Amino acid sequence: TATPTETPAPQIVAGTAPGFPPFEIKEDGELTGFDVELFEAIVAETEYEFGGWREFEFDALIPALRDERIDAIAAAMTITDERDQVIDFSDPYYSADQSVIVLEGGDFVPESLDDLSGRMVGVQEGTTGEGVVDTQLIEEGKLQESNKRVYGNYTLAVQDLENGNIDAIVLDQPVGATFADQRDVTVAFVYETGERYGFGVRQNDSARQQAINDGLAAVRDNGTYEELRNEWFGS
Ligand code: ARG
């Protein structure tokens with residue numbers, strides 16, 4: 001136990017948005033996944049004490065970070081210019097493209113974004129998948145705003161796809177592939193975006209940013225990163 005003269009170790013409270021397998025999932029009430037295990041391993045390499053997880057919808061993570069309700073975001077968050085204006089990111093830790101998933105064995109088998117014209121398309125609010133639908137389809141006049149269905153998380157979107165309420169979902173390719181393994185859906189095609197995920201930190205919190213970068217380098221060096229990758233992606 002700490003004596004009164006000792007200052008407690010500074011903390012990192014982490015925020016995530018579960019329902020995004022295999023990065024962050026809720027299993028029997030327990031939070032787990034690649035990001036969850038990786039981020040905890042990273043913090044363990046630092047001087048910081050891990051302050052636990054807080055769960056949010058994805059689009060609430062950046063406001064929570066800025067309001068100091070959390071100190072870091074570990075949520076398969078793509079490093080984008082827009083986000084980089086309001087938060088800072090760690091070094092990239094994973095690469096991904098987008099994918100389009102549809103009902104397995106269904107009649108609708110799109111081969112390109114154009115094939116989504118006039119269909120009901122699901123996305124998670126505030127994601128780069130929503131960005132693809134907005135910029136490549138709606139702004140191009142290929143899809144009506146009312147044909148976009150926005151969900152708080154992708155698990156709800158997959159349910160709607162299975163129930164026939166929507167025709168397709170645009171989401172990160174590793175997550176599309178995981179839903180294809182677990183649910184009655186299949187990856188119709190991949191749409192290359194070359195995204196890279198980073199851990200979010202508050203702007204000017206260079207101490208935590210540096211600690212997370214050093215921790216990431218350490219878990220890459222000591223084999224933990226590869227172990228977790230094998231565990232969660234089997235490759
Ligand atoms: N990579 C995408 C983005 O940054 C989707 C992330 C969604 N993450 C989540 N935990 N639901 O917009």
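Just so it is clear, the structure is predicted and the values come from calculations on it, not from any experiment. As the structure lists them, so they are numbered: ligands from 1, and atoms in each ligand from 1.
Residues Ser112 and Asp114 have side chains that never bring a donor and an acceptor to within less than 3.5 angstrom of each other. Using a 3.5 Å distance cut-off with no hydrogens or angles, the side chains of Tyr154 and Asp172 do not pair a donor with an acceptor. For the residue pair Asp71 / Gln11, no side-chain donor-acceptor distance below 3.5 Å is found, with atom types taken as modelled. A donor atom on one side chain and an acceptor atom on the other are not found under 3.5 Å apart for Gln173 and Ser99.
Below 30°, between 30° and 60°, or above 60°: for Tyr197 and Tyr94 the angle between ring planes is below 30°, a parallel geometry. Between Phe199 and Tyr93, the angle of the ring planes stays under 30°, which puts this pair in the parallel group of the 30/60° scheme.
The contact set between ligand 1 and Met77, taken as ligand atoms under 4.0 Å from a residue heavy atom, comprises 4 (O). Every atom of ligand 1 with a heavy atom of Thr128 under 4.0 Å away is listed here by number and element: 1 (N), 2 (C), 3 (C), 12 (O). Within the listing of ligand 1, atoms 1 (N) sit less than 4.0 angstrom from a heavy atom of Tyr197. Atoms of ligand 1 found under 4.0 Å from any heavy atom of Gln124 (numbered from 1 in listed order, with element): 7 (C), 11 (N).
Counting non-hydrogen atoms of neighbouring residues, nucleotides and ligands closer than 6.0 angstrom, the CZ atom of Arg66 reaches no more than 12 such neighbours.
Counting heavy atoms only, Arg83 comes closest to atom 4 (O) of ligand 1 of the residues Gln98, Glu55, Glu24, Arg83.
Not a single heavy atom of Glu130 sits less than 4.0 Å from an atom of ligand 1. For the ligand labelled ligand 1, residue Phe23 lies outside the 4.0 Å heavy-atom shell. Ligand 1 lies nowhere less than 4.0 angstrom from a heavy atom belonging to Tyr154.
When heavy-atom distances to ligand 1 are checked against a 4.0 Å cut-off, Asp172 comes that close only through its side chain, counted from C-beta outward.
Between Phe20 and ligand 1, no pair of N/O atoms sits closer than 3.5 Å. Backbone and side-chain nitrogen or oxygen atoms of Thr16 are examined, and none is located within less than 3.5 angstrom of a nitrogen or oxygen of ligand 1.
Residue, atom and distance of the protein heavy atom nearest to atom 8 (N) of ligand 1 are Ala75 O, 2.9 Å. When hydrogens are left out, the protein atom nearest atom 6 (C) of ligand 1 is Ala76 O, 3.3 Å; that is the closest non-hydrogen contact.
Pairing each heavy atom of Arg196 with each of Ser95, the nearest pair is CG-OG, 4.2 Å.
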- Verify side-chain hydrogen bond (donor to acceptor under 3.5 Å, both in side chains) between Glu195 and Gln98, making sure each step is shown before the conclusion. CA-CA 8 Å; Glu195 293 171 58; Gln98 292 294 304; 2.8 Å; yes
